[in-house]
Student: 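Below: one structure in structure tokens.
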Amino acid sequence: MREPLPLRLYNTLSREKSDFKPAGSEVKLYVCGVTVYDYSHLGHAMSSIIFEVLHRYLEYRGFKVRRVQNFTDVDDKIIRKAVQEGTSADAVSDKYVQSFFDDMDALKIRRADLYPRVTREIPQIIDIIRQIEARGGAYDLNGSVYFRVLADADYGKLSHRSLDEMLQGTRFEAEQGKEHPADFALWKASKPGEPAWDSPWGSGRPGWHIECSAMVLHHLGASIDIHGGGNDLIFPHHENEMAQSETATGAEPFTRWWLHNGMLRLEGEKMSKSLGNIVQVREAIKRHSPEAVRLWVLSGQYRSPLLYDPESIEAQERALRRLRGAVEFQSPAGESAVDGAPYKQRFIDAMDDDLNTPQGIAAVFDLASAIYKGRDSGANVQAAQGTLREITGALGLSLDTRRVAIGAISDAEVDGMVRQRTDFRTQKRFADADGVRKQLEEAGIVIKDGPTGTTWTRL
RNA sequence: GGCGACGUAGCCAAGUGGUCUAAGGCAGGGGUCUGCAAAACCCCGAUUCGGCGGUUCGAAUCCGCCCGUCGCCUCCA
């Protein structure tokens, strides 16, 4: 196999693809997680799958990776929900942190190495705000602290907007006394009944963006390799996060590669909690297998928007059978082996080009096809089957699992019924044989009569 | 209003100057296997890339205009 080309990743900051090389011995990867005030939806799943696949692929290409994904567990919506439900903000966030893990585990998304939570990082947050203050990047206003955008000469560089452009056509919240309309809160003075912590500026809580800065700096350092999230976070969240972090540490760049995934849409609109057009993960997994959801997400390039359509996921369910079928059979012991290497090379080339998963998956299906053809001509395809498992594994796609419905009949029962049907067939009692087959079909078992006997699989 | 992305077969989706008379998946048609079957395997599929001009020896790929869809500018993966 020839020397692989370097992995290239598209960077929102530079607006172009460039050869990826981590600064140190391990890739520092931070992914913006969810605000835990409700059940997660498929958009969160999409983002989580994409950055998990990035993690896996980096490892596949020989990098060591440390992935950190945060939970934002203090926020207006959490507080509001706590009030509605007559409970505490902690209780609300605990509940949805747990449900996030349950959902992502159900989707077989490999967990990050660390999941920090804002409320456990308050001292670090206060430290950073003090550093920003010390560098003239912040000012105190009635117990709140604001970031001074004019103190940051290149503010706007991530979202590629000047302050003038940002102000055009938009009204920033006219907070009394702010030096500039785009100045944003690093620390919010406490209001009665809200969670609050002591600080040099009085009792209060962190602003929206500062938490991520603190968690990145604390757990990964002043400059990280990759920062990921949905493209709806580019502005203001990531823009502000970068401005704060670079002001606090003086280290530039704060993030070497900014990666943003496209939005999941429902009926042409972005799926979002505020629009109310969401499909919760816990609903989706009742209907779809984790593998099908993953293949569906990866069927598009991660920067493009993805349209939710249950039929599309269902189609992946059928496509998966092709892949599973290609590794399930025992290879003929023949000599002329099928060479998986060219397919693997195509896969790597595609993935190296900013994770072109659609193209990578095309190579996967072509390899499956070659395996089937090899089998039919009696070739030894064992090594090729291994390659297929290897490259699907790099996508986090397991080919060994099938949907087994709760209360499904046992393998032994199926085997018994299949034997009985074979007896009927031997006796040419086809009506009885078909009756058994129908029964099995209703239980989700598919019968296949081949030259070497009858096999069955669960759908 | 400002900034940006996209429009490729019935559907999803790669390809961004010649190897494209355009990957891969789903659906559809034909076939193999089978007692009949099968959601299993094999074969077939756009002379064409939203529209109109232009650049070029050559464009789905570059430029301009138009039409359409979407995202950010406010909480958001």
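A quick note: this is a predicted structure, and the numbers were derived from the prediction, not measured. Per chain, numbering begins at 1; letters A, B, ... match sequence-line order. Worth knowing before you read on, the calculation uses all heavy atoms, side chains too, and leaves out hydrogens, waters and symmetry mates.
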Student: For the base of B:G35, is there a side-chain donor-acceptor partner from A:D434 under 3.5 Å away?
Tutor: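 For A:D434, whose side chain was compared with the base of B:G35, there is a donor-acceptor pair (under 3.5 Å).
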
Student: Mind checking A:G43 for me? I need base, sugar-phosphate or nothing, with any heavy atom below 4.0 Å counting as a touch.
Tutor: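 Base contact.
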
Student: Answer with yes or no whether A:S159 presents, from its side chain, a donor or acceptor under 3.5 Å of a partner atom in the base of B:C72.
Tutor: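 It does not, because no donor-acceptor pair links the side chain of A:S159 to the base of B:C72 below 3.5 Å.
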
Student: Looking at A:F329, does the NZ or CZ of A:R375 lie under 6.0 angstrom from its six-membered ring centre and within 45 degrees of the ring axis?
Tutor: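 Flagged: A:R375 positioned over aromatic ring of A:F329.
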
Student: Using atom C1' of each nucleotide, how far apart are B:C52 and B:A60 to the nearest Å?
Tutor: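 Approximately 16 Å lies between the C1' atom of B:C52 and that of B:A60.
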
Student: If you check every side-chain atom of A:S274, which of B:C75, B:A23, B:A77 has the closest atom?
Tutor: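 For the A:S274 side chain, the nearest candidate turns out to be B:C75.
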
Student: Of A:R322, A:K373, A:R346, A:K344, which meets salt bridge (Lys or Arg N to Asp or Glu O under 4.0 Å) against A:D366?
Tutor: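 Answer after filtering A:R322, A:K373, A:R346, A:K344: A:R346.
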
Student: Could you grab the distance from atom CG of A:L266 to atom CG of A:L42, nearest 0.5 Å is fine?
Tutor: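 Answer rounded to 0.5 Å: 9.5 Å.
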
Student: When you get a sec, tell me which of B:C3, B:A77, B:C26 is the closest nucleotide to the side chain of A:H41?
Tutor: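 The listed nucleotide nearest to A:H41's side chain is B:A77.
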
Student: Between B:G25 and A:F365, is there a base-stacking contact, meaning the centre of the base's six-membered ring lies under 5.5 Å from the residue's ring centre while the planes stay under 30° apart?
Tutor: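 Base of B:G25: not stacked against A:F365.
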
Student: If you take the centroid of each ring, where Trp contributes its six-membered ring, are A:F71 and A:F100 closer together than 6.0 Å?
Tutor: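 Yes, the ring centres sit under 6.0 Å apart.
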
Student: What's the closest nucleotide to the side chain of A:S47 if the choices are B:C26, B:A77, B:G35?
Tutor: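 Nearest to the side-chain atoms of A:S47, counting from C-beta on, is B:A77.
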
Student: Would one find a side-chain N or O of A:T35 under 4.0 angstrom from OP1 or OP2 of B:A77?
Tutor: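 The answer is yes; a side-chain N or O of A:T35 sits under 4.0 Å from OP1 or OP2.
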
Student: Does a sphere of radius 6.0 Å around CD in A:Q330 hold more than 12 heavy atoms from other residues, nucleotides or ligands, not counting ones at 6.0 Å or beyond?
Tutor: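 Counting neighbours around CD of A:Q330, 12 or fewer heavy atoms of other residues, nucleotides or ligands fall under 6.0 Å, so no.
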
Student: Picking from B:A77, B:A23, B:G2, which would you name as closest to the side chain of A:N261?
Tutor: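 Selected nucleotide: B:A77.
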
Student: Which listed nucleotide (B:A77, B:A37, B:A14) is nearest to the side chain of A:D449?
Tutor: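 Nearest listed nucleotide: B:A37.
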
Student: Provide, to the nearest angstrom, the distance between the CE atom belonging to A:M263 and the P atom belonging to B:C73.
Tutor: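 Spelled out: CE on A:M263 to P on B:C73 is 11 Å.
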
Student: For nucleotides B:C26 and B:A40, find the distance between their P atoms and express it as a whole number of Å.
Tutor: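 Roughly 8 Å separates the two P atoms.
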
Student: Establish, from distance only, whether the side-chain atoms of A:Q69 and A:D113 form a donor-acceptor pair under 3.5 Å.
Tutor: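 Note: A:Q69 and A:D113 side chains miss the donor-acceptor criterion.
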
Student: Between the base of B:C3 and the side chain of A:D164, is one N or O donor paired with an acceptor at under 3.5 angstrom?
Tutor: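 Looking at the base of B:C3, it does not pair with any donor or acceptor on the side chain of A:D164 (distance under 3.5 Å).
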
Student: Is it true that A:D449 and A:R421 have a side-chain N and a carboxylate O under 4.0 angstrom from each other?
Tutor: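 A salt bridge is present here (some side-chain N lies under 4.0 Å from a carboxylate O).
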
Student: Roughly how many Å apart are B:C43 and B:C33, using the C1' atom of each and rounding to a whole number?
Tutor: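 Each nucleotide's C1' atom is 15 Å from the other's.
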
Student: Rounded off to whole Å, could you give me the CZ-to-P distance for the A:R294 and B:C12 pair?
Tutor: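 Nearest whole value for this atom pair: 24 Å.
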
Student: Could you encode protein contacts along nucleotides 39-46 of chain B as a string, one character per nucleotide from 5' to 3', using B for base contact, S for sugar-phosphate-only contact and - for no contact, with a heavy-atom cut-off of under 4.0 Å?
Tutor: BSSSS---

Student: Quick one: do A:H238 and A:H209 satisfy ring pair (Phe, Tyr, Trp, His ring centres under 6.0 Å)? Show the steps, please.
Tutor: CA-CA 8 Å; A:H238 287 162; A:H209 318 292; 9.3 Å; no

Student: For a ring pair (Phe, Tyr, Trp, His ring centres under 6.0 Å) check, start with the C-alpha distance between A:Y115 and A:F101, then their side-chain angles and the critical distance, and finish with the verdict.
Tutor: CA-CA 10 Å; A:Y115 288 92; A:F101 282 131; 4.9 Å; yes

Student: Can you say whether a donor on the side chain of A:R437 sits under 3.5 Å from an acceptor on the base of B:C36, or the other way round?
Tutor: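 A donor-acceptor contact between them is present.
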
Student: Is it the case that the side chains of A:E121 and A:H219 hold a donor-acceptor pair, with the cut-off being a distance below 3.5 Å and no angle test?
Tutor: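 There is such a pair between these side chains.
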
Student: Mind checking the P distance from B:A5 to B:C11? Whole angstroms is fine.
Tutor: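 Going atom to atom, P in each nucleotide, I get 25 Å.
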
Student: Treating a pair as Watson-Crick (purine N1 to pyrimidine N3 plus N6-O4 or O6-N4) or G-U wobble (N1-O2 and O6-N3) with both distances under 3.5 Å, list the stems of 3 or more consecutive pairs that involve RNA chain B.
Tutor: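 The stems that RNA chain B takes part in, listed by first number, are B:1-7 with B:67-73, B:10-12 with B:24-26, B:28-32 with B:40-44, B:50-54 with B:62-66.
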
Student: Considering only atom P, compute the distance from B:C3 to B:C49 and round it to an integer number of Å.
Tutor: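 B:C3 and B:C49 have their P atoms separated by 30 Å.
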
Student: Would you say A:N356 places a side-chain N or O within less than 4.0 Å of OP1 or OP2 belonging to B:G15?
Tutor: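 Result: yes.
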
Student: On RNA chain B, nearest-nucleotide positions of A:R425 versus A:S272: which is more 5'?
Tutor: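 Checking each residue's closest nucleotide, the 5'-ward one belongs to A:R425.
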
Student: Cationic tip of A:K273 within the cone over A:Y37's six-membered ring, i.e. under 6.0 Å and within 45° of the normal?
Tutor: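 A:K273 over A:Y37 ring: yes.
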
Student: Distance check, P atoms only: B:G10 and B:U47, in whole angstrom units.
Tutor: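 Result for the P pair: 9 Å, nearest Å.
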
Student: With rounding to whole Å, what would you report as the distance between B:A46 and B:A22 at their P atoms?
Tutor: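 Their P atoms lie roughly 8 Å apart.
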
